[in-house]
Amino acid sequence: MNKKLSFATCLLWGMLWGIVLGVAIDKLAMGIALGNMFGTMYYLFSANSDKNSNDENKENS
């Protein structure tokens, strides 16, 4: 999958999984907060890895 996910998509998936986590631990607000944090971190780390791979491709050509 070469297409980068948008920030909104990562945040949405993080919130959905956060709601599931919050229901499981019986603390909905904490689950949503953790889900948003994980969604944001996933977006930031995937954006960083995409940038690094693009830099490597430019150096090789």
Side-chain angles (χ1 to χ4, degrees):
M1 183 170 140
N2 291 334
K3 186 176 177 186
K4 184 174 175 272
L5 295 174
S6 71
F7 178 70
T9 304
C10 293
L11 199 61
L12 176 70
W13 280 110
M15 179 153 327
L16 289 174
W17 284 111
I19 290 171
V20 171
L21 176 66
V23 168
I25 64 173
D26 202 28
K27 294 183 180 178
L28 190 58
M30 181 175 285
I32 291 172
L34 287 173
N36 284 337
M37 182 186 72
F38 287 135
T40 303
M41 290 297 158
Y42 177 78
Y43 175 77
L44 292 174
F45 288 138
S46 68
N48 190 17
S49 66
D50 287 346
K51 181 181 174 214
N52 290 339
S53 66
N54 287 338
D55 290 343
E56 290 173 2
N57 289 339
K58 287 178 185 176
E59 289 174 2
N60 291 337
S61 50

Inset, instruction - May I ask whether Val23 and Leu16 are part of the same hydrophobic cluster, defined by side-chain heavy atoms of I, L, V, M, F, W, Y residues being less than 4.5 angstrom apart, directly or through others? - result: no
Legend entry - Pairs involving residues 9-22, ordered by first then second residue, that meet side chain to side chain donor-acceptor pair (under 3.5 Å) (sequence neighbours left out): Ser6-Thr9
Pair up each side-chain donor or acceptor in residues 24-41 with any protein partner under 3.5 Å, not counting sequence neighbours, and list the distances.
| unit_1 | atom_1 | unit_2 | atom_2 | d |
| --- | --- | --- | --- | --- |
| Thr40 | OG1 | Asn36 | O | 2.8 |

Legend entry - Residues in ring-ring contact (aromatic ring centres under 6.0 Å, His included) contact with Phe7, at least two apart in sequence or another chain: Tyr43
Inset, instruction - Hey, could you give me the CG/CG distance between Leu5 and Leu12, rounded to the nearest 0.5 Å? - result: 11.0 Å
Legend entry - Ile19 with Leu21, same ILVMFWY side-chain cluster at under 4.5 Å: no
